[in-house]
J.: 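First the structure, which I've put down as structure tokens, then a few questions once you've had a look.
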Amino acid sequence: QVQLVESGGGLVQPGGSLRLSCAASGSISSINAMGWYRQGQRKERELVATITSGGSTNYGDSVKGRATISRDNAKNTVYLQMNSLKPEDTAVYYCNADLYRRAVTLTRGVYWGQGTQVTVSS
């Protein structure tokens, strides 16, 4: 089994910062890309940022210049640093991982965390 567990969400004032973490655990052989997505109320899930195993990054337009994604491959953990937060950043933030799971054979799949709420409000 594979689990992704996010942490670091909460209530933040506009203009503030936060750092989200997501740790993957379980029968993992290797992890390709990891990423963060978010879903606001009555909105579709959207890309926040992704990062490959080699460190190449990609950001959604709404967070470019305000977000930094990073990862610690030794810890199977991905981070998201968000600065200059706005009320429209309020959403449930989900991490995901494209990985190979150890089973009878190596099995590739995309796994999601349960999400962490980020609320930006004064």
Side-chain angles (χ1 to χ4, degrees):
Q1 295 293 340
V2 173
Q3 281 190 314
L4 274 65
V5 179
E6 300 103 334
S7 60
L11 176 63
V12 184
Q13 290 192 338
S17 299
L18 60 73
R19 188 189 194 213
L20 303 180
S21 300
C22 172
S25 62
S27 302
I28 297 170
S29 176
S30 62
I31 302 178
N32 301 317
M34 301 185 80
W36 289 94
Y37 293 75
R38 67 185 183 185
Q39 187 165 17
Q41 214 168 13
R42 295 182 296 276
K43 295 182 180 179
E44 293 188 355
R45 190 172 295 191
E46 65 171 349
L47 167 72
V48 178
T50 60
I51 184 168
T52 67
S53 58
S56 296
T57 59
N58 181 48
Y59 295 93
D61 289 340
S62 60
V63 302
K64 279 181 182 176
R66 301 188 297 121
T68 302
I69 189 170
S70 61
R71 63 190 280 178
D72 184 333
N73 291 330
K75 296 181 179 179
N76 288 340
T77 299
V78 62
Y79 306 96
L80 180 70
Q81 176 72 39
M82 290 277 293
N83 302 319
S84 303
L85 284 161
K86 308 173 183 179
E88 49 264 43
D89 293 317
T90 296
V92 178
Y93 284 70
Y94 299 90
C95 74
N96 81 348
D98 174 6
L99 57 84
Y100 283 94
R101 178 172 63 89
R102 290 191 298 268
V104 176
T105 59
L106 285 180
T107 303
R108 184 173 181 176
V110 176
Y111 294 82
W112 291 85
Q114 81 287 352
T116 185
Q117 176 71 46
V118 172
T119 302
V120 184
S121 174
S122 55

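FYI, the numbering just counts along the sequence from 1. Atoms considered below: every heavy atom in the structure, side chains included; atoms not considered: hydrogens, waters and symmetry mates.
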J.: Could you state the interatomic distance from CD1 (Ile51) to OG1 (Thr68), rounded to the nearest 0.5 Å?
T.: 10.0 Å
J.: Check for me, please, whether Tyr79 and Tyr93 land in the same ILVMFWY cluster - side-chain distances under 4.5 Å, paths through other members count.
T.: no
J.: From Leu18 CG over to Gln81 CD, what is the distance, rounded to the nearest 0.5 angstrom?
T.: 7.0 Å
J.: Looking at Asp89 and Lys86, is there a salt bridge between them, counting it only when a charged N and a carboxylate O are closer than 4.0 Å?
T.: no
J.: In chain order, what residues pass the salt bridge (Lys or Arg N to Asp or Glu O under 4.0 Å) check against Arg19, with sequence neighbours excluded?
T.: none
J.: Show me the pairs that pass disulfide bond (SG atoms under 2.5 Å apart) and involve residues 4-96, at least two apart or across chains.
T.: Cys22-Cys95
J.: What pairs of residues pass the side-chain hydrogen bond (donor to acceptor under 3.5 Å, both in side chains) test when at least one of them lies in residues 5-14, not counting sequence neighbours?
T.: Glu6-Gln114
J.: Who pairs with Asn73 by side chain to side chain contact (heavy atoms under 4.5 Å, CB included), at least two apart in sequence or on another chain?
T.: Arg71
J.: Measuring from Arg101:CZ to Ser29:OG, what's the distance to the nearest 0.5 Å?
T.: 11.5 Å
J.: Quick test of your reading: applying disulfide bond (SG atoms under 2.5 Å apart), list the pairs with at least one residue in residues 34-93, sequence neighbours left out, ordered by first then second residue.
T.: none
J.: If you link ILVMFWY side chains whenever their heavy atoms are less than 4.5 Å apart, which other residues fall into the same cluster as Leu47? By chain and number, please.
T.: Tyr37, Val92, Tyr94, Val110, Trp112
J.: Hey, could you give me the OG1/CG distance between Thr77 and Leu4, rounded to the nearest 0.5 Å?
T.: 9.5 Å
J.: Not counting sequence neighbours, list each pair that qualifies as a salt bridge (charged side-chain N to carboxylate O under 4.0 Å, His left out) and has a residue in residues 7-17.
T.: none
J.: Output the distance between atom OG1 (Thr90) and atom CG (Leu85), rounded to the nearest 0.5 Å.
T.: 8.5 Å
J.: Measure across Leu80 and Ala67 and return the closest heavy-atom pair with its distance rounded to 0.1 Å.
T.: CD1-CB, 4.2 Å
J.: Can you tell me how far the OG atom of Ser17 sits from the CZ atom of Arg66, to the nearest 0.5 Å?
T.: 10.0 Å
J.: Apply salt bridge (Lys or Arg N to Asp or Glu O under 4.0 Å) to Arg102 and list each qualifying residue two or more places apart in sequence or on a separate chain.
T.: none
J.: Clusters formed by hydrophobic residues whose side-chain heavy atoms approach within less than 4.5 Å: which one holds Tyr100, and what are its other members?
T.: Leu106
J.: Going by the side-chain hydrogen bond (donor to acceptor under 3.5 Å, both in side chains) test, which pairs reach into residues 39-59, not counting sequence neighbours?
T.: Arg38-Glu46
J.: When the side chains of residues 115-122 are checked against the rest of the protein, which donor-acceptor pairs come out under 3.5 Å, sequence neighbours left out?
T.:
residue, atom, partner, partner atom, Å
Thr116, OG1, Gly9, N, 3.4
Gln117, NE2, Ala91, O, 3.4
Gln117, NE2, Thr119, OG1, 3.4

J.: Does Asp98 have any side-chain hydrogen bond (donor to acceptor under 3.5 Å, both in side chains) partners at least two apart in sequence or in another chain, and if so, which?
T.: Arg108
